[in-house]
Amino acid sequence: MSQHFTPVSSGARLSDQVAEQLAAEIKQGRLQPGDKLPTEARLVEQFRVSRTVVREAVSRLKSLGLVDSRQGSGVFVNQHLPFAPLNFEAQLAASQEAVIQMVEVRRALEAEVAALAAQRRSNADVRAIRQAVKALDDAVQAGRNGVAEDVKFHRAIANAARNPFLLQTLEYLGQFLHGVTEVTRANEARRVDFANDVQTEHLAIVKAVEAGDADQARQAAAAHMGNAIVRIRRADPAFWQQEGERLAQPLIKGLRSTP
């Protein structure tokens, strides 16, 4: 079967765009297990990129387990394709709307995590959560951005949920969510009312988890993430055009390094 690819352009890294088109051919069945990829020269011609870009794209497909090289024969779609990896398109990552969408993902996960934590937390978990939120408050008082402390606070709640699959999902997403947290906390630090609201929302989650109230913990965590979205939308346009977009770059770095 002959493939026809769309030339790539500026935006996300060229090799990422090439890899995404090739991966789509495989995932949608137009390139079947055992099929040979078009030659490097043919891919260079169709995508209108350099050989280096094509080689980087093919290397990414190999890391995903989608293709394999046969010395002297070319590159072939693997006979036994892996489960489809959780993968995000790099060109969608560095925008205000992308940050909001990632917070929506957090809202869905963190709400249930908080509810489970309320049901399953031990006294040691409660102490760890309390220590984490205090460390976050101390970081803010000291003039730091509190990103690392914020991540540890939410991780302490996730640990209390006692669900390894949720933990692994959050760990995978952590490479993207760290960039999101950089953006949201930088935005919130610019306004005293934002910072105060965040502190109040965190305490509401802590109290609900400590009280063992799963419904209230779910509502408090969902409200916290929902309010984060509101704060992003209310950010000064100058923030997004300058600091916000710069801080969103870790999302793209995470996308590029995802195996």
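Numbering of residues begins at 1 and proceeds along the displayed sequence.
The shortest heavy-atom contact between Ala117 and Ile157 is CB-O, 3.5 Å. Nearest heavy-atom pair, Gln46 versus Pro7, reported as atom, atom and distance to 0.1 Å: O-CG, 3.5 Å. Gln79 and Pro33 make their closest contact through O-CB, 3.6 Å (heavy atoms, listed as atom of the first residue, atom of the second, distance). The two atoms that bring Glu56 and Ser15 nearest to each other are OE1-OG, 3.3 Å, heavy atoms only. Taking both residues in full, the closest heavy atoms of Ala135 and Glu149 are given as O-CG, 3.7 Å, listed atom of the first, atom of the second, then distance. Closest approach of Gly146 to Leu136, counting heavy atoms only: O-CD1, 3.4 Å.
Residues Val44 and Val58 are members of one and the same hydrophobic cluster, defined by side-chain heavy-atom contacts under 4.5 angstrom among Ile, Leu, Val, Met, Phe, Trp and Tyr. Two different hydrophobic clusters hold Val126 and Ile129 under the rule that ILVMFWY side chains link at heavy-atom gaps under 4.5 Å. Connection of Val18 to Phe5 is established within a shared hydrophobic cluster, with ILVMFWY side chains joined at heavy-atom distances below 4.5 Å, either directly or through further cluster members.
With sequence neighbours excluded, no residue forms a salt bridge (charged side-chain N to carboxylate O under 4.0 Å, His left out) with Arg127. The side chain to side chain donor-acceptor pair (under 3.5 Å) check on Arg48 picks up nothing, with sequence neighbours excluded. Qualifying side chain to side chain donor-acceptor pair (under 3.5 Å) partners for Glu40, counting only residues two or more places apart in sequence or in other chains: Arg51, Arg55.
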Point to revise | Worked verdict on Asn78 versus Val67 for side-chain contact (heavy atoms from CB on, under 4.5 Å) | key: CA-CA 5 Å; Asn78 273 339; Val67 302; 5.7 Å; no
Point to revise | From CA spacing to verdict: salt bridge (Lys or Arg N to Asp or Glu O under 4.0 Å), Arg60, Glu20 | key: CA-CA 9 Å; Arg60 178 168 173 78; Glu20 284 160 8; 5.8 Å; no
Exercise for review: Applying side-chain contact (heavy atoms from CB on, under 4.5 Å), run through Arg231 and Val198 and close with a yes or a no.
Suggested key: CA-CA 10 Å; Arg231 287 187 284 267; Val198 171; 3.5 Å; yes
Check your understanding: Passes side-chain contact (heavy atoms from CB on, under 4.5 Å), Val49 versus Leu43? Steps please.
Key -> CA-CA 8 Å; Val49 294; Leu43 293 175; over 6 Å; no
Exercise for review: Report the C-alpha separation of Lys207 and Asp213 in whole Å, then their side-chain angles, then the decisive distance to 0.1 Å, and conclude whether the salt bridge (Lys or Arg N to Asp or Glu O under 4.0 Å) test is met.
Suggested key: CA-CA 9 Å; Lys207 289 179 180 178; Asp213 190 331; over 6 Å; no
**Study point:** CA sep, side-chain torsions, deciding dist, call: Arg107, Ile229, side-chain contact (heavy atoms from CB on, under 4.5 Å)
**Key:** CA-CA 10 Å; Arg107 179 169 57 188; Ile229 292 171; 4.0 Å; yes
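To the nearest 0.5 angstrom, Gln219 atom CD is 6.5 Å from Asp215 atom CG. Once rounded to the nearest 0.5 Å, the distance linking CD1 of Ile205 with NE2 of His154 reads 6.0 Å. Between atom OG1 of residue Thr169 and atom CG of residue Asn163 there is a gap of 8.0 Å, rounded to the nearest 0.5 Å. Distance OG1/Thr200 to CG/Asn227: 10.5 Å, rounded to 0.5 Å. Between the CD atom in Gln131 and the CG atom in Asp138 there is a gap of 11.5 Å [rounded to 0.5 Å]. In this structure, CG in Leu61 is found 5.5 Å from CD1 in Ile26, a value given to the nearest 0.5 Å.
Considering Leu170, Leu167, Asn159 as possible partners of Val113, the one that fulfils the side-chain contact (heavy atoms from CB on, under 4.5 Å) test is Leu170.
One finds a salt bridge joining Arg162 and Asp125 here, because a Lys/Arg side-chain nitrogen approaches an Asp/Glu carboxylate oxygen to under 4.0 Å. Comment: Glu112 engages Arg218 in a salt bridge, judged by a side-chain N to carboxylate O separation of less than 4.0 angstrom. For Asp137 and Lys134, the salt-bridge test fails: no basic side-chain N is under 4.0 Å from an acidic carboxylate O.
In this structure, Gln21 and Phe47 have side chains that are in contact, with non-hydrogen atoms separated by less than 4.5 Å. Side-chain atoms of Asp68 and Val75, non-hydrogen and from C-beta on, never get closer than 4.5 Å to each other. The side-chain heavy atoms of Leu166 and Leu116, taken from C-beta on, include a pair separated by under 4.5 Å.
Counting only distance, with no hydrogens or angles, the side chain of Asp35 and the backbone of Val77 share no donor-acceptor pair below 3.5 Å. No donor-acceptor pair under 3.5 Å is formed between the side chain of Arg106 and the backbone N or O of Met225. Looking at Lys62, its side chain never comes within 3.5 Å of a backbone N or O of Ala57 through a donor-acceptor pair.
Taking the six-membered ring where the residue is Trp, His224 and His202 present perpendicular rings, their angle passing 60° and hence far from 30°.
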